[in-house]
Amino acid sequence: MNLFDVYPLYNVTPVKAVGCYVYDVNNIKYLDLYGGHGVISVGHSHPDYVQKLKNQLSQIGFYSNSIQNPLQKQLATKLGEVSGCNNYDLFLCNSGAEANENALKLASFETGKKRIISFKNSFHGRTSAAVAATDNLKINAPLNQQQQVAFLPLNNIDLVKEELSKNDVCAVIIEGIQGVGGLDEGTTNFFQSLQQICNENKVVFIVDEIQSGYGRSGKFFAFQHHNIQPDIITVAKGMGNGFPIGGVLIKKNIQAKYGMLGTTFGGNHLACAAAISVLEIIQKEQLIKNTNEISSYFVEEIKKIPQIKKVKGRGLMLGVEFDFEVAEIRKKLIFEKHIFTGGAANKKLLRILPPLSVTKQQIDTFMDALKSILDN
Ligand SMILES: Cc1ncc(COP(=O)(O)O)c(C=O)c1O
């Protein structure tokens with residue numbers, strides 16, 4: 001059997017990874033400033049994380065969702081404590097797409113409506129209910145979904161009001177900071193107005209923190225830069241530092257009922273152990289503080305490079321924009337300088353999503369490599 005060929009692949013085969021480094025089959029060491037699409041939050045193979053997973057595996061690897069798993073409660077308590085979101089309940093699932101799918105399902109149950117408002121250049125996963133499909137992203141939404149989702153420009157509250165006035169919308173979904181689409185974000189005024197008009201119209205306000213959450217923006221959640229409290233928050237990626245896990249944080253005003261949501265694998269023991277370990281490490285190593293320090297350093301240093309037109313994003317969810325496409329630079333960074341970076345729908349944007357434990361020296365290595373490529 002062959003693999004269904006949907007991913008263009010770089011010719012690199014990693015076999016080992018430690019901290020911010022990945023090693024390939026030829027023992028070439030790569031500086032990982034992308035962390036598999038922003039998944040590596042506390043660093044590859046962190047010893048505490050690995051130990052916790054090993055311990056868990058020697059006890060119980062899997063479970064059934066009809067018997068108790070105390071790790072789920074432990075995880076919910078720890079997440080409430082570290083994120084400051086104690087007034088939410090947690091539903092556990094396995095991925096970002098699944099978290100958004102469940103969030104939208106809840107919104108339709110809650111409102112009895114089905115249309116969704118999302119924003120241009122947003123990305124909410126390959127779900128049947130909400131994929132942001134823009135020409136730019138080259139992601140095709142299934143036909144049944146295209147009528148169901150309105151894609152509005154960011155930061156135009158009047159257009160959102162107009163859609164809500166049709167009285168058929170169950171949810172507004174927005175990323176804390178747009179990831180794949182290219183690091184645009186709502187203004188504080190926009191986020192606050194969205195929350196207000198959603199409340200007024202009894203529409204569920206969902207913030208997708210799958211990429212921007214878990215400290216990446218310099219606060220635990222990116223929406224916390226805007227002093228709001230969404231009805232639902234979705235998480236995944238950095239939550240498990242590479243172990244598949246996702247979650248839906250649901251404000252207490254939405255009532256749970258037996259059978260409302262469900263999953264076979266969600267909240268299994270191994271996933272919970274991974275996610276608890278991530279939160280413990282974020283706290284113990286003050287990784288959000290590190291994120292802010294390294295972010296300021298990165299921005300300061302990158303601005304010294306004359307070819308850079310713009311720096312976008314927050315924390316360690318950053319992008320540098322050129323006035324030319326960056327595909328060649330990314331290739332040179334991988335194959336000549338051995339550094340992983342990311343691209344975006346905006347082909348002139350080079351993205352970095354490193355582990356939150358990245359150091360100034362590692363940023364210096366990147367700056368030197370980038371300068372040498374640009375100057376040659
Ligand atoms: C903001 C956002 N939401 C949802 C997803 C989908 O997550 P997953 O690939 O785990 O389904 C992604 C993945 O890139 C994302 O960036």
Side-chain angles (χ1 to χ4, degrees), residues 6-7 34-41 91-107 116-134 136-142 145 149 151 154 171-186 191 205-217 220-223 225 230 232-249 263 265-268 271 274-275 278 312-319 340-346 349 351-354:
V6 291
Y7 300 119
Y34 193 56
H37 308 302
V39 164
I40 304 301
S41 43
F91 176 76
L92 288 165
C93 54
N94 309 285
S95 69
E98 221 184 296
N100 282 338
E101 191 81 78
N102 280 303
L104 292 163
K105 208 174 282 178
L106 280 177
I116 295 155
I117 292 180
S118 145
F119 296 92
K120 291 206 164 123
N121 279 329
S122 60
F123 179 67
H124 299 293
R126 314 297 180 116
T127 63
S128 64
V131 179
T134 68
N136 230 1
L137 288 177
K138 300 271 181 290
I139 294 163
N140 297 318
Q145 181 193 316
V149 186
F151 299 107
L154 264 183
V172 171
I173 181 165
I174 182 168
E175 285 159 274
I177 301 171
Q178 289 190 340
V180 186
L183 297 169
D184 287 327
E185 61 181 313
F191 273 106
F205 180 38
I206 304 170
V207 179
D208 176 341
E209 292 277 356
I210 287 160
Q211 193 166 137
S212 55
Y214 270 74
R216 186 151 293 284
S217 76
F220 193 88
F221 287 126
F223 73 75
H225 292 280
I232 297 183
I233 306 157
T234 52
V235 290
K237 290 197 188 281
M239 184 178 191
N241 198 47
F243 198 100
I245 180 167
V248 189
L249 281 69
T263 158
F265 292 119
N268 69 75
V278 164
K312 296 180 80 176
R314 289 179 191 260
L316 290 172
M317 188 167 175
L318 293 167
F340 290 124
T341 57
N346 169 0
L349 195 72
R351 280 197 306 149
I352 78 146
L353 292 163

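The model shown is predicted, which means the values in this text are computed figures rather than measured ones. Remember, it's 1-based here, ligands and their atoms both numbered in the order they're listed.
For atom 2 (C) of ligand 1, the closest heavy atom belonging to the protein is Phe123 O, 3.3 Å. Looking only at protein heavy atoms, the nearest one to atom 7 (O) of ligand 1 is Gly96 CA, 3.3 Å. Nearest non-hydrogen protein atom to atom 3 (N) of ligand 1 is Asp208 OD2, 2.8 Å. For atom 6 (C) of ligand 1, the closest non-hydrogen atom on the protein side is Gly125 CA, 3.5 Å.
Within a 6.0 Å radius of NE2 in His37, other residues, nucleotides and ligands contribute 12 heavy atoms or fewer.
For ligand 1, the atoms sitting less than 4.0 Å from at least one non-hydrogen atom of Asn100 are 3 (N), 4 (C), numbered in the order shown with element in parentheses. Atom numbering of ligand 1 starts at 1 in the shown order; those under 4.0 Å from a heavy atom of Lys237 are 12 (C), 13 (C), 14 (O), 15 (C), 16 (O). Listed by number with element, the atoms of ligand 1 under 4.0 Å from a non-hydrogen atom of Glu175 are 1 (C). Within ligand 1, the atoms closer than 4.0 Å to a non-hydrogen atom of His124 are 3 (N), 4 (C), numbered from 1 in the order shown.
Of all the heavy atoms of Ala97, the ones lying under 4.0 Å from any atom of ligand 1 are found in both the backbone and the side chain. Contacts between Thr234 and ligand 1, counted as non-hydrogen atom pairs separated by less than 4.0 Å, are absent for every part of the residue. Residue contacts with ligand 1 for Arg126 are absent, since no atom lies close enough (heavy atoms, distance under 4.0 Å).
Side-chain N or O atoms of Asn241 include none that pairs as donor or acceptor with a backbone N or O of Gly238 at under 3.5 Å. For the pair Glu209 (side chain) and Ile177 (backbone), a donor-acceptor distance under 3.5 Å is absent. A donor-acceptor pair under 3.5 Å is formed between the side chain of Arg351 and the backbone N or O of Gly343. When atom types are taken as modelled, the side chain of His124 and the backbone of Glu101 share no donor-acceptor pair closer than 3.5 angstrom. Using a distance-only test at 3.5 Å, with no hydrogens or angles considered, a donor-acceptor pair links the side chain of Arg216 to the main chain of Leu316.
Put simply, atom 10 (O) of ligand 1 has protein non-hydrogen atoms near it, under 4.0 Å away.
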Pair Asp208-Asn100, side chain to side chain donor-acceptor pair (under 3.5 Å): steps then yes or no: CA-CA 7 Å; Asp208 176 341; Asn100 282 338; 2.9 Å; yes
Could you walk me through whether Phe91 and Leu106 pass the side chain to side chain contact (heavy atoms under 4.5 Å, CB included) test, one step at a time? CA-CA 11 Å; Phe91 176 76; Leu106 280 177; over 6 Å; no
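Using a 4.0 Å heavy-atom cutoff, His37 is absent from the residues neighbouring ligand 1. For the ligand labelled ligand 1, residue Gln178 lies outside the 4.0 Å heavy-atom shell.
Looking at Ala236 next to ligand 1, no N or O pair under 3.5 Å apart turns up. In terms of N/O distances under 3.5 Å, ligand 1 is approached by Gln211.
Considering all non-hydrogen atoms of both residues, Pro230 and Val207 come closest at CG-CG2, 3.5 Å.
Contact of the Asp184 side chain with the Lys312 side chain is registered, since non-hydrogen atoms from C-beta on lie closer than 4.5 Å.
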